[in-house]
Amino acid sequence: MENCIFCKIIAGEIPSPRLYEDDQMIVIRDIEPRAKLHYLCMPKVHFATLKEMDDARAEIVKHIFAVIPTLEKELGLEEGYRVVINQGTNGGQTVPHLHIHLLGGEVLGGF
Ligand code: 5GP
Ligand code: ZN
């Protein structure tokens, strides 16, 4: 997808170290962390919101959620973490490429 910053990261056009990568997804650090640890998990295929889900995309999202718990130790999230998916304007979504925030590394307040 042209002009999608996450597609550019996935394509390697914008450098961003990958903490995990497979054929369907990558995990990177958020550039503006909202917690001591803040990661972004994203599918390699471009779609913006859960509303655009179809069976193939649902399989990818399922895969991402299956991978996340296997990375807890490596990412320093063994003591727990928060999973956030912002959707659209009111949800505060700023990048229209579906992504799952993982926030942790400290006790999170304010929910
Ligand atoms: P959203 O607000 O759409 O839920 O989340 C987008 C997130 O992407 C924000 O937390 C923002 O800090 C992060 N972000 C935006 N541009 C970049 C970038 O170029 N690299 C990385 N690693 N994170 C980014
Ligand atoms: Zn994209």
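Each ligand, and each atom within it, is numbered from 1 in the order the structure gives. Heavy atoms only: backbone and side chains are in, while hydrogens, waters and symmetry mates are out. Bear in mind the structure is a predicted one, so any value in this text is a computation, not a measurement.
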Check: Heavy atom under 4.0 Å from ligand 1: found in Y39's side chain, backbone, both, or neither?
Finding: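 Within the 4.0 Å criterion, Y39 makes no contact with ligand 1.
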Next item on the list: Answer side chain, backbone, both or neither: which part of I28 comes under 4.0 Å from ligand 1, heavy atoms only.
Entry: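 It is the side chain that touches ligand 1; the backbone stays farther off.
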Under 4.0 Å from a heavy atom of [X]: which atoms of ligand 1 are those, numbered in the order shown and with their elements?
X    : result
H101 : 1 (P), 4 (O), 5 (O), 7 (C), 10 (O)
I9   : 18 (C), 19 (O), 20 (N)
R34  : 9 (C), 10 (O), 12 (O)
E32  : 12 (O)

Notebook entry, point to check: Taking atom CD of E13 as the centre, does the number of heavy atoms from other residues, nucleotides or ligands within less than 6.0 Å exceed 12?
Noted result: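 Enclosed: over 12 neighbouring heavy atoms sit under 6.0 Å from CD of E13.
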Next item on the list: Count the heavy atoms belonging to other residues, nucleotides or ligands that lie under 6.0 Å from CG of D54, then report whether that count exceeds 12.
Entry: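 Atom CG in D54 is crowded, with more than 12 foreign heavy atoms closer than 6.0 Å.
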Margin query: Just checking H97 against H99, ring centres under 6.0 Å apart?
Written below: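 Judged by ring-centre distance (under 6.0 Å), H97 and H99 do not meet the cut-off.
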Could you tell me the residue and atom name of the protein heavy atom closest to [atom], and the distance to it rounded to 0.1 Å?
atom                    : result
atom 22 (N) of ligand 1 : R29 O, 2.7 Å
atom 2 (O) of ligand 1  : T94 OG1, 2.8 Å
atom 23 (N) of ligand 1 : I31 N, 3.3 Å

Margin query: Any nitrogen or oxygen of F6, side chain or backbone, less than 3.5 Å from one on ligand 1?
Written below: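 No, no N or O pair falls under 3.5 Å.
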Next item on the list: Check whether any N or O atom of H99, backbone or side chain, sits under 3.5 Å from an N or O atom of ligand 1, and answer yes or no.
Entry: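 Min N/O separation from ligand 1 is below 3.5 Å for H99.
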Notebook entry, point to check: Are I5 and ligand 1 in contact, using a heavy-atom cut-off of under 4.0 Å?
Noted result: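 Under 4.0 Å: yes for I5.
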Check: According to a 4.5 Å side-chain heavy-atom criterion applied to Ile, Leu, Val, Met, Phe, Trp and Tyr, with indirect links allowed, do M53 and I68 form part of one hydrophobic cluster?
Finding: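 Yes.
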Check: Hey, any chance V61 and L71 share a hydrophobic cluster, counting ILVMFWY side chains that come within less than 4.5 Å of each other, even indirectly?
Finding: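 Linked within one cluster.
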Next item on the list: Kindly identify the option in I85, I100, L40, D30 whose heavy atom sits closest to atom 10 (O) of ligand 1.
Entry: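 Looking at heavy atoms only, the winner is D30.
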Note to self: Can you check the angle at the Zn ion (ligand 2) formed by SG of C7 and ND1 of H46? Round it to the nearest 10°.
What the structure shows: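 Rounding to the nearest 10 degrees gives 110°.
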Next item on the list: Please calculate the SG(C4)-the Zn ion (ligand 2)-ND1(H97) angle and round it to 10 degrees.
Entry: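 Vertex at the Zn ion (ligand 2): approximately 110°.
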Check: Side chains of E74 and Y20: is there a donor and an acceptor less than 3.5 Å apart?
Finding: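 No, because no side-chain N or O of E74 sits under 3.5 Å from a partner of the opposite role on Y20.
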Answer yes or no: is there a donor N or O on one side and an acceptor on the other, between the side chain of [X] and the main chain of [Y], under 3.5 Å?
X   : Y    : result
R29 : L37  : no
Y81 : G105 : no
R57 : E52  : yes

Next item on the list: Answer yes or no: is there a side-chain heavy-atom contact under 4.5 Å between N3 and K8?
Entry: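 SC-SC contact between N3 and K8 confirmed.
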